[in-house]
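Please read the structure below before turning to the comments.
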Amino acid sequence: MITTTGGTVEFADVPEPVRSGSELLVEVSASTVSRGDLHSVRLAPPGRAVGLDVVGVVAEPAVDGSGPSVGTRVMGYAATRPGGWAERAVVDSSLVAPIPDSLSDDVAAALPNSGLAALAGLEAGGFLLGSRVLVTGATGGVGLLAVQLAHLAGAEVTGLVSSPERREQLRAFDWLTTVTAEEAEGPFDLIVDLVGGDVLSRAMSLVAERGVVASLAQTASETASVPFFWFAQHRGAKLVSVYNSDGLREAARGVRQLELLARLAETKRLDPQVTGSASWEQAADLLAALGRRELTGRTTLRIS
Ligand SMILES: NC(=O)c1ccc[n+]([C@@H]2O[C@H](COP(=O)([O-])OP(=O)(O)OC[C@H]3O[C@@H](n4cnc5c(N)ncnc54)[C@H](OP(=O)(O)O)[C@@H]3O)[C@@H](O)[C@H]2O)c1
């Protein structure tokens, strides 16, 4: 298993994780390097398990009998107990879905955490057909999925990129308008913010009356400021905090959303743009590269 140590990670021999209730044990074959991992590595005390995405085969069923049976190939979101960077990980059955053989480990690994976040951000906007949607951090793992899902839902989508050069990464999406923060012009009915700081402040000035700004991130780690007249100038607009793990147990929403993401990716309607796949031995280097903003798209880890 890989665990945290002083702002980075190291390999450690640990006992097999013990599961209880609705948790099942997965023999892991792939995970991802995501900004959520980077945040927890920087903040967590030494010895904490890492890895939010899990792809593998169910090795032990959930104690309460819920979820897929032993031998099923699955993808899952280890929201409650990060630990995907390990040979075996515990995942709650409400955040696990079977995946088809035709879906590669790399693509499947890029879907759970980022796909659920993208869906949660878009859900904040309600009915999206014909809506004007802005996604900030559009070139990141979550942003790439958010722009595609918004497009599939019938929205007019704009992706905010950090520089003109970053547009290149989104060229395949000929339906997408791309803008930098300086170029962006509203109004937008929904803004999914994946950056925070100054980018969030700028985005908030672009929201339509009764529009929604869904804030999911503090990637930029700066203070966002709200102009004094924001509330008066954007009547009925809402700023909401969104977390991808909220409400997913209700009516098996987590499982259904994961199944949807798998189905869309399998049928090539959703592409998480896996730009690199590396052995988990390179996890520390990849985390450092992510911190320097040198990674684009999503990088997956092969666990062996
Ligand atoms: N609330 C939730 O439930 C939830 C769930 C998942 C993720 N998140 C958060 O969502 C955020 C995005 O996650 P991710 O995995 O997509 O991250 P990512 O792959 O690292 O992408 C980050 C995106 O933000 C841009 N960016 C980074 N720093 C920036 C800055 N200072 N100014 C402007 N743009 C900047 C990046 O542009 P460049 O390509 O130019 O670097 C990239 O487009 C993270 O903060 C993550 O923790 C929240």
Side-chain angles (χ1 to χ4, degrees), residues 31-44 50-53 77-80 82 84 95 109-124 134-149 158-170 173 176 178-184 191-203 213-224 239-248 253-254 257-258 261 272-276 286-301:
S31 185
T32 56
V33 182
S34 77
R35 196 155 287 270
D37 299 314
L38 185 63
H39 291 325
S40 55
V41 164
R42 284 176 172 166
L43 296 172
V50 188
L52 295 167
D53 293 304
Y77 177 34
T80 47
L95 293 170
L111 295 174
N113 171 29
S114 298
L116 292 173
L119 286 171
L122 295 173
E123 258 180 8
L134 175 71
V135 176
T136 72
T139 53
V142 180
L144 282 162
L145 294 175
V147 294
Q148 294 174 73
L149 290 165
T158 302
L160 193 145
V161 294
S162 58
S163 64
E165 297 75 51
R166 289 294 207 210
R167 281 200 168 98
E168 186 59 22
Q169 202 191 330
L170 302 167
F173 306 141
L176 181 69
T178 53
V179 292
T180 60
E182 297 72 35
E183 296 163 350
I191 296 171
V192 177
D193 178 53
L194 301 165
V195 179
D198 285 347
V199 173
L200 172 58
S201 304
R202 171 79 183 120
V213 181
S215 163
L216 282 90
Q218 299 82 38
T219 315
S221 312
E222 300 156 357
T223 303
L239 171 63
V240 295
S241 145
V242 172
Y243 278 86
N244 61 357
S245 49
D246 288 350
L248 292 183
R253 277 164 47 80
Q257 292 195 347
L258 289 169
L261 293 165
Q273 294 206 350
V274 177
T275 42
L286 291 168
L287 270 179
L290 183 66
R292 295 191 299 268
R293 294 173 66 183
E294 289 170 6
L295 301 185
T296 55
R298 184 56 85 217
T299 303
T300 58
L301 284 185

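Counting starts at 1 for both ligands and their atoms, in listed order.
- Heavy atoms of Asn244 found under 4.0 angstrom from ligand 1 belong to the backbone as well as the side chain.
- Taking only nitrogen or oxygen atoms, main chain and side chain alike, Gly297 does not reach within less than 3.5 Å of ligand 1.
- Using a 4.0 Å heavy-atom cutoff, Glu222 is absent from the residues neighbouring ligand 1.
- Atoms of ligand 1 lying under 4.0 Å from at least one heavy atom of Ala117, given by number and element, are 5 (C), 6 (C).
- No side-chain donor-acceptor contact under 3.5 Å links Arg166 and Thr139.
- Evaluated by nearest non-hydrogen atom to atom 40 (O) of ligand 1, the leading choice among Gly291, Gly137, Ser162, Ser40 is Ser162.
- No side-chain donor-acceptor contact under 3.5 Å links Asp198 and Ser201.
- A donor-acceptor pair under 3.5 Å links the side-chain atoms of Arg35 to the main chain of Leu290, judged by distance alone.
- Checked by atom type and distance alone, the side chain of Arg253 pairs as donor or acceptor with a backbone atom of Gly247 at under 3.5 Å.
- Considering Leu216, Thr219, Thr180 only, the shortest heavy-atom separation from atom 8 (N) of ligand 1 involves Leu216.
- Considering only non-hydrogen atoms, atom 41 (O) of ligand 1 lies nearest to Arg293 out of Glu294, His39, Arg293.
- Of the N and O atoms on the side chains of Gln257 and Glu123, at least one donor lies less than 3.5 Å from an acceptor on the other residue.
- Contact record, Ser34 with Asn113: OG-ND2, 3.6 Å, taken as the closest heavy-atom pair.
- In summary, the atoms of ligand 1 found under 4.0 Å from a heavy atom of Thr139, numbered by their order in the structure, are 37 (O), 39 (O), 42 (C), 43 (O).
- Between Arg35 and ligand 1, at least one pair of N/O atoms sits closer than 3.5 Å.
- Of the heavy atoms in Asp198, none comes closer than 4.0 Å to ligand 1.
- Test Val192, Asn244, Val240, Thr136 against Leu216 for side chain to side chain contact (heavy atoms under 4.5 Å, CB included) and you get one pass: Val192.
- Using 4.0 Å as the threshold, Leu194 has a heavy atom nearer than that to some atom of ligand 1.
- Of all atoms in ligand 1, numbered sequentially from 1 with element shown, those under 4.0 Å from a heavy atom of Arg298 are 14 (P), 15 (O), 19 (O).
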